[in-house]
Amino acid sequence: MSQSSSKQPRNKNSKQRKKLLNRIRPKPSSDSSRPSFIRFVGMTLGQAFKIVFVLILIAGIAFVGLGSGMLSGYISTAQAVEIGNIQSNLTREETRILDKDGQLITTLKSAGSNTEFVSYNEIKGSYIDDAFIAIEDERFYSHPGIDMRRIFSAVLSAVMNGGNPTHGGSTITQQTIKMITGKDDISAQRKIQEWYSAVELEKSMSKEAIMELYLNLVPMANNYQGVQAASKAYFNKNVKDLSLAECALLAGIPNRPATYNPMTEYGRRNCLRRMRLVLGTMLENGFIKLEDYDKALNQEIVFDFSMQDRGEENILNWFVEATLKEVQEDLINKRGYTPELAAMAVYNYGLTIETTMDSEAQAKLERVFQDESLFITNPAVLPNTPEHPQAAITVMDNLPGNEGLIRALVGGYGKKKSNLIFNLATDAKRQPGSSIKPLVVYTPALEVGAISQASYLMDEPKYLNPNDPTKPYPLNYSRTYEGEVTLERALLMSLNTIAADIYANRLGPEVGLAYLKDCGIDRTDETYVATALGGFETGMSTWEMTEAYSVLANQGVYHEPTTYLRVLNQDGTVLLDNSQRESYQVYNPATTYVMTSMLKPIAEAPWNDAKPTNTIAAGKTGTTEFFRDVWFCGYTPYYTAAVWYGYANANGRNISIPIEDGFNACHIWRESMQALHENLTPADFARPDGVINMTICSETHDIANEFCPETRNVLLIEGSPANPDKVCEEHNSKNRKKGNRDEDEEEGPIYAPTAPQPEEDDEGFNQD
């Protein structure tokens with residue numbers, strides 16, 4: 001049974017206080033884009049109608065459903081709220097983060113995090129609980145979990161205040177249920193089940209225990225959760241040390257966190273106004289005396305947002321923050337946690353997280369990303385912007401048994417100086433440019449037999465824009481055409497006409513995108529030609545591009561990526577097990593080997609300068625419209641990695657990369673791989689069964705005979721319908737002289753580019 005609290009409202013019936021409260025009720029300021037009067041009236045009536053409709057619906061169901069069994073059905077299907085596990089796990093023990101070798105990387109200190117547990121005993125002497133009770137649930141200590149008076153009061157408040165009630169209809173107990181279960185849909189069933197769960201919760205927990213949960217779960221704007229984290233974020237102090245006015249300000253935020261956000265000028269004005277409302281409500285309900293109220297109103301509120309400046313020892317590296325994000329997502333998706341509970345678990349359960357991070361590799365990458373010379377080639381040509389050029393990288397292990405394990409990642413240039421900042425490696429979605437071509441065009445086309453390395457293709461005007469079929473589309477970066485070219489040259493020079501034609505007419509967008517999805521990137525609804533060139537509605541992160549390219553590195557097998565293997569509770573029991581992840585065959589191993597053989601020359605091209613000196617490498621460059629993004633995605637026998645380079649383009653800006661920095665992604669990739677392979681034995685990609693060597697005639701494209709004047713050596717996939725199937729008949733002993741070939745002449749290279757120039761894509765998607 002619930003325990004009654006010794007804290008009770010005092011002196012409720014003061015006419016003077018009610019009169020004063022009516023005078024000082026403030027409303028939040030609105031932004032500059034105010035709706036018209038008619039729209040305002042409509043919004044007001046609409047909001048009120050929604051609330052009233054739900055109440056009427058609930059009342060009707062309660063009245064009629066009692067006889068029909070609907071109400072009892074709703075209650076019988078309500079899931080029990082599991083509170084015991086939450087309470088037993090809350091601890092002062094710090095979560096431990098381990099690297100791949102079991103060595104401690106760091107412990108999670110609450111400073112700088114977005115959630116921090118605080119016990120009720122620590123704050124019961126402050127005003128924080130009284131402030132929340134006054135504005136959120138004035139009868140908290142007397143109701144059984146629901147408060148019908150408050151529900152109808154909220155409806156009346158909504159009608160009187162333009163559809164924006166000064167308080168909600170849910171009790172603190174109901175709000176706690178909602179934060180634990182994550183259910184907030186507007187329906188009679190959900191509301192009735194919430195009421196039932198709230199009443200049941202009050203039977204099993206004390207009011208103080210419910211208040212403790214609520215104060216640690218409540219959203220406090222800017223992704224902060226709980227009053228302790230918010231107190232440190234906005235005032236740089238523990239919640240127990242807050243003044244009455246500061247407590248009232250925090251209590252006003254959850255009503256509308258975006259509106260009452262202390263970190264924006266607009267939000268500060270609004271939360272200071274709402275603070276006065278909270279103080280007035282506390283006065284009206286007897287939580288404070290008149291002199292306390294007057295003193296609080298006269299206090300100058302001083303915000304202090306310097307919480308993040310805690311010193312280097314509290315800064316989590318890019319990999320650890322990515323791991324925490326993945327763990328929280330898995331707690332939500334695999335264990336049914338709400339986002340609030342997942343954050344609380346990570347920071348306050350004293351967990352042990354076994355990551356896949358290679359500490360030495362992570363340190364090497366972080367040093368590379370602090371090398372200014374890799375980011376700025378010529379300071380004199382930098383765009384006129386305060387933004388520094390950025391880059392990001394994700395590195396995955398390719399060794400047998402370790403496939404899919406992320407070993408290192410960096411989400412921005414320079415030394416990481418704060419926590420909870422945007423991670424360009426995992427969160428930024430940037431257009432991939434030509435780096436997508438091996439994934440969505442060439443490897444799928446090799447797999448289905450639409451092309452082979454023996455194929456010759458026509459670089460000529462194509463008319464693939466259905467909206468303008470008379471205009472050539474796409475264009476090559478050079479705005480010229482080379483005529484008949486080999487498949488290798490089409491890849492090396494990133495000829496858009498070839499990629500788009502294969503995609504549209506030989507392969508089919510649906511097929512290419514299906515293979516891309518199997519490699520971990522789902523864009524199956526974007527079946528237009530531009531996707532062959534890297535033009536997507538939503539771009540890709542370096543994590544996704546590494547994930548997809550690893551299929552090429554691992555003989556066609558997809559391995560689900562991860563940053564951790566297990567998460568353990570305090571007692572050593574397993575909370576999350578990520579050691580067995582999804583893997584499946586996407587491509588024939590012979591297909592990826594042939595693709596790799598054609599990607600090696602791109603990594604080795606002198607203009608790219610992407611190949612490390614201590615390992616074999618294969619990969620593809622990519623550049624997007626107006627030079628806003630450049631990529632290099634590649635792999636070695638040991639690692640797969642994708643590098644993006646460009647400007648973050650904050651505040652909606654579109655900053656182009658100077659041409660001098662156009663290959664910086666290649667250079668960052670090279671230096672990163674050079675560092676990672678320092679102590680590794682050189683190795684080559686293993687040749688699988690099903691790959692055959694063939695010499696073909698350069699003129700007829702058939703299997704060469706001894707009289708063919710010019711030949712090429714190619715790798716073919718056994719059984720592919722695109723392979724040559726007959727021997728050259730044009731060249732024989734009778735017309736041998738026509739070829740003008742010396743029998744003793746040494747065979748030259750398979751192919752050499754006419755000029756070492758970068759490959760680029762079309763208008764709108766200029767890839768390299």
Side-chain angles (χ1 to χ4, degrees), residues 74 77-91 95 108 110 113-120 132 136-137 145-146 168-187 189-202 204-205 209-230 233 250 253-258 321 323-351 353 420 427 564 567 569-570 574-578:
Y74 285 166
T77 57
Q79 295 180 347
V81 179
E82 297 293 338
I83 299 297
N85 185 53
I86 299 172
Q87 288 184 297
S88 63
N89 279 320
L90 288 173
T91 177
T95 290
L108 293 188
S110 294
S113 71
N114 62 354
T115 179
E116 181 178 353
F117 174 73
V118 61
S119 69
Y120 184 78
F132 272 96
E136 295 289 340
D137 186 3
I146 59 175
S170 298
T171 63
I172 283 175
T173 311
Q174 288 176 255
Q175 293 177 53
T176 303
I177 292 292
K178 191 181 299 182
M179 289 185 288
I180 292 172
T181 63
K183 297 177 180 178
D184 60 357
D185 54 300
I186 299 176
S187 69
Q189 178 178 358
R190 200 275 301 173
K191 204 65 184 177
I192 289 171
Q193 290 177 340
E194 180 186 284
W195 289 354
Y196 172 76
S197 298
V199 172
E200 291 299 303
L201 185 63
E202 293 260 2
S204 61
M205 292 183 68
I210 293 172
M211 177 59 68
E212 180 181 85
L213 274 178
Y214 174 80
L215 292 176
N216 281 287
L217 291 172
V218 65
M220 298 298 293
N222 300 297
N223 292 320
Y224 289 106
Q225 175 188 315
V227 295
Q228 178 74 340
L250 290 188
I253 294 174
N255 177 258
R256 276 184 287 167
E321 285 201 339
T323 302
L324 297 182
K325 179 182 178 182
E326 186 182 357
V327 168
Q328 290 183 59
E329 289 174 350
D330 284 353
L331 286 173
I332 294 168
N333 297 325
K334 297 179 180 180
R335 297 299 300 265
Y337 284 43
T338 63
E340 294 84 2
L341 284 181
M344 178 180 284
V346 166
Y347 286 95
N348 300 299
Y349 279 16
L351 305 176
I353 301 176
L420 304 176
D427 300 332
Y564 77 94
V567 177
N569 283 312
Q570 296 176 64
V574 178
L575 179 62
L576 288 172
D577 189 343
N578 215 18

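The figures that follow rest on heavy atoms only: side chains count, while hydrogens, waters and symmetry mates do not. Not measured: the values here are computed from a predicted model.
The two residues Glu212 and Ser119 have their closest heavy-atom pair at OE2-CA, 3.3 Å. For Asn216 against Phe117, the heavy-atom pair with the smallest separation is OD1-CA, 3.1 Å. Taking every heavy atom of both residues into account, Ala345 and Leu351 meet most closely at O-CD1, 3.5 Å. Closest approach of Leu250 and Met220 over heavy atoms only: O-CE, 3.2 Å.
Side-chain N or O atoms of Arg335 include one that pairs as donor or acceptor with a backbone N or O of Leu575 at under 3.5 Å. Checking side-chain atoms of Gln174 against main-chain N and O of Thr171 turns up a donor-acceptor pair under 3.5 Å.
With sequence neighbours excluded, no residue satisfies side chain to side chain donor-acceptor pair (under 3.5 Å) with Gln225. Not counting sequence neighbours, the partners of Asp427 by the side chain to side chain donor-acceptor pair (under 3.5 Å) test are Lys325. Residues forming a side chain to side chain donor-acceptor pair (under 3.5 Å) with Thr95 (at least two apart in sequence, or on another chain): none. With sequence neighbours excluded, no residue satisfies ring-ring contact (aromatic ring centres under 6.0 Å, His included) with Tyr564. Listed by chain and residue number, Lys416 satisfy the salt bridge (Lys or Arg N to Asp or Glu O under 4.0 Å) test with Glu321 (two or more places apart in sequence, or in another chain). Residues meeting the side chain to side chain donor-acceptor pair (under 3.5 Å) test with Gln328, sequence neighbours left out: none.
Counting only heavy atoms from C-beta outward, the side chains of Asn578 and Asp330 approach each other to under 4.5 Å. When side chains are defined from C-beta on, Leu324 counts as touching Ile353, because their heavy atoms get closer than 4.5 Å. Tyr349 is listed as a side-chain neighbour of Met344, based on a closest heavy-atom distance under 4.5 Å. Annotation: side chain of Ile332 is not in contact with side chain of Thr338 (no heavy-atom distance under 4.5 Å). No side-chain heavy atom of Gln175 sits under 4.5 Å from any side-chain heavy atom of Val218. The closest side-chain heavy-atom distance from Pro257 to Tyr224 is not below 4.5 Å. Contact annotation: the side chain of Leu215 never approaches that of Val118 to less than 4.5 Å [non-hydrogen atoms, C-beta and beyond].
Of the listed residues (Ile172, Leu213, Leu201), just one forms a side chain to side chain contact (heavy atoms under 4.5 Å, CB included) with Ile177, and that residue is Leu201.
With rounding to the nearest 0.5 angstrom, the CG atom of Leu217 is 7.5 Å from the OG1 atom of Thr115. From Thr176, atom OG1 reaches atom CD of Glu202 across 9.0 Å, with rounding to the nearest 0.5 Å. Here CD of Glu340 is found 11.0 Å from NZ of Lys178. Values are rounded to the nearest 0.5 Å. Distance CD1/Ile210 to CG/Asp137: 10.0 Å, rounded to 0.5 Å. How far OG1 of Thr173 is from CE of Met211: 8.0 Å, rounded to the nearest 0.5 Å.
For CG of Asp577, the number of neighbouring non-hydrogen atoms (other residues, nucleotides, ligands) closer than 6.0 Å is greater than 12.
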